[in-house]
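Heads up, the thing below is written out as structure tokens.
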Amino acid sequence: QERNTLHERRKQNSIILDICDSMSSMENISLHPIFESLTVGRKSENLIKHNCRAKYIPQPDGSLRLASIQAFDKPLFRESGYELSDRAVSPPKNYKVDDPDISNDEDLREEYILRAVRRAKVNAMDLILCNPDLDRFATFTVSPESANREDWDECYQLMKVWLSNRVQRQGLKYVIVPEYHKDGKSIHFHGVLNGQALNEVRARRPDGKLVYQKGKAVYNLSDVDFGFTTVKHITGENATDKVSKYIFKYMGKQMGARIGGRYFLHGGKLLTPSYVYADDISELLPGYGAKYDRECTVNGGIKYKELYYI
């Protein structure tokens, strides 16, 4: 029971570190124009740190869609565009890690892995939601004649050259997850890409008949010369939401496996979420309810609440 209690406390405490990790890279976030005025000019420390933060997803028509609201009972969110003097965001002063040496603590090591996976899943999901033109789901399988399929460096180099070329020449955008085959050794890639940048041809069987999967047409990429590809069009109501959640769950199945040190690959001119800040959650609440929410108390007795609208 004591072991379970310690594990649950560490799980709750990791929320603050997750927030701090995300804030440390905020300088790379592209703000929607209507929010740019929030971070222009200099502000005192007490004006750029807030209790609450709402995340918005840009839509094709230029509007913004509320994705989530996060709230602490203390000002722990720093507005994007502002940094500490050492260009890093540190955890709150009252935050203490029970055992910073994770080498001999299996539970703590597992929690660190779960935190990293959760952070990567959220980042990938955000990118997909922010870019509805990622309307193709593709699988890339490297042929044994092109590379050692068990060697990450060889497989990644082939993918990297092809992706980079298409980004520069055709405006490709992508979010791709590397995965091991069922043999646990060979590497292939799944991901979403913008169809406008792809050279598609209908997939055919050896007898010339067109290929379908679950009633949907299957395509190949005519300019991939290092292996095999399958491409499906993402269509239907709320298709982007469904694909982002699929990738979210899919990444979770890998149980912390980082192939080549990466949870996922992304590139091209991808849009990212916009954020707005407040000192009271009531300032951010919309006129409709959240799809789900959660509350907990983290280290130092700090209360935390999340509301999700997607």
| query | Can you check side-chain contact (heavy atoms from CB on, under 4.5 Å) on Y263 and K121, steps first, answer last? | reply | CA-CA 8 Å; Y263 288 109; K121 288 164 62 178; over 6 Å; no

| message | If I compare all heavy atoms of A71 with all of C52, which pair ends up nearest, and what's the gap? | response | CB-SG, 3.7 Å

| query | Between E306 (side chain) and Y304 (backbone), is there a donor-acceptor pair under 3.5 Å? | reply | no

| task | Check whether any side-chain N or O of D151 sits under 3.5 Å from a backbone N or O of E154 as a donor-acceptor pair, and report yes or no. | result | yes

| message | Could you tell me if the side chain of W162 sits less than 4.5 Å from the side chain of L221, heavy atoms only? | response | yes

| query | Side-chain contact, heavy-atom cut-off 4.5 Å: Y309 with I69? | reply | yes

| If only atom types and distance count, is the side chain of D135 paired as donor or acceptor with the main-chain N or O of G195 below 3.5 Å? | yes

| Would a distance-only check, ignoring hydrogens and angles, find a side-chain to backbone donor-acceptor pair under 3.5 Å from N148 to E150? | yes

| task | Measure from NZ or CZ of R53 to the centre of the six-membered ring of Y277 and say whether it is under 6.0 Å with the direction within 45° of the ring axis. | result | no

| request: Using side-chain hydrogen bond (donor to acceptor under 3.5 Å, both in side chains) as the criterion, list what pairs up with D73, not counting sequence neighbours. | output: none

| task | Can you establish whether the number of heavy atoms outside Q196 located under 6.0 Å from its atom CD is more than 12? | result | no

| request: Starting at CD of E295, measure out to OG1 of T297 and round the result to the nearest 0.5 Å. | output: 9.0 Å

| query | In Å, rounded to the nearest 0.5 Å, how long is the span from OG of S143 to CG of D225? | reply | 9.0 Å

| request: Taking the side chain as every heavy atom from C-beta outward, state whether R149 and T141 have any atom pair closer than 4.5 Å. | output: yes

| request: For N199 and S222, indicate whether the former's side chain and the latter's backbone hold a donor-acceptor pair under 3.5 Å. | output: no

| Flag side-chain contact, heavy atom, 4.5 Å: C130 against P273 | yes

| request: Identify the two heavy atoms, one from K49 and one from D279, that lie closest to each other, and give their separation to 0.1 Å. | output: O-OD1, 3.9 Å

| Pairing residues for K182 by the side chain to side chain contact (heavy atoms under 4.5 Å, CB included) criterion, not counting sequence neighbours | none

| query | Once you round to the nearest 0.5 Å, how far does CZ of F228 lie from NE2 of H188? | reply | 13.5 Å

| said: Treating N51 as the side-chain partner and D280 as the backbone partner, does any N or O pair qualify as donor plus acceptor under 3.5 Å? | reply: no

| Residues in salt bridge (Lys or Arg N to Asp or Glu O under 4.0 Å) contact with R136, at least two apart in sequence or another chain | E200

| message | Taking ring-ring contact (aromatic ring centres under 6.0 Å, His included) as the definition, give me every residue that meets it alongside Y308, ordered by chain and number, with sequence neighbours left out. | response | Y292

| Side-chain heavy-atom pair I176, L163 within 4.5 angstrom cut-off | yes

| field | W152 side chain near R262 side chain, heavy-atom distance below 4.5 Å | value | yes

| Once the angle between the rings of Y219 and H233 is folded into 0 to 90°, is it parallel (under 30°), tilted (30 to 60°) or perpendicular (over 60°)? | parallel

| task | Please report the closest heavy-atom contact between L172 and V167, naming both atoms and the distance. | result | O-CG2, 3.5 Å

| field | CG-CG distance between L134 and L270, expressed to the nearest 0.5 angstrom | value | 6.0 Å

| task | Apply the test side-chain contact (heavy atoms from CB on, under 4.5 Å) to residues N131 and H266: give CA-CA distance (whole Å), side-chain angles for both, the deciding distance (0.1 Å), then the verdict. | result | CA-CA 12 Å; N131 296 274; H266 66 284; over 6 Å; no

| query | Does the side chain of V122 come within less than 4.5 Å of K55's, by heavy atoms? | reply | yes

| Passes side-chain contact (heavy atoms from CB on, under 4.5 Å), F140 versus V142? Steps please. | CA-CA 7 Å; F140 297 79; V142 177; over 6 Å; no

| query | Nearest 0.5 Å, what's the NZ-NZ distance between K303 and K74? | reply | 11.5 Å

Taking distance alone, no hydrogens or angles, what donor-acceptor pairs closer than 3.5 Å link side-chain atoms of residues 206-218 to residues at least two apart or in another chain?
from, atom 1, to, atom 2, distance (Å)
D207, OD1, K209, N, 3.0
Q213, OE1, K232, NZ, 2.6

| note | Smallest heavy-atom separation, R202 atom then N220 atom, equals O-OD1, 4.5 Å

| said: The criterion is salt bridge (Lys or Arg N to Asp or Glu O under 4.0 Å); which residues satisfy it with R65, sequence neighbours excluded? | reply: D241

| task | Decide yes or no on side-chain contact (heavy atoms from CB on, under 4.5 Å) for Y156 and I187, but give the supporting numbers first. | result | CA-CA 9 Å; Y156 174 61; I187 300 168; over 6 Å; no

| request: Keeping the roles fixed (side chain from N123, backbone from R119), state whether a donor-acceptor pair exists under 3.5 Å. | output: yes

| task | Quick one: pull up OG in S186 and NE2 in H181 and give me the separation to the nearest 0.5 Å. | result | 5.5 Å

| Can you check side-chain hydrogen bond (donor to acceptor under 3.5 Å, both in side chains) on Y275 and E79, steps first, answer last? | CA-CA 8 Å; Y275 295 86; E79 287 187 24; over 6 Å; no

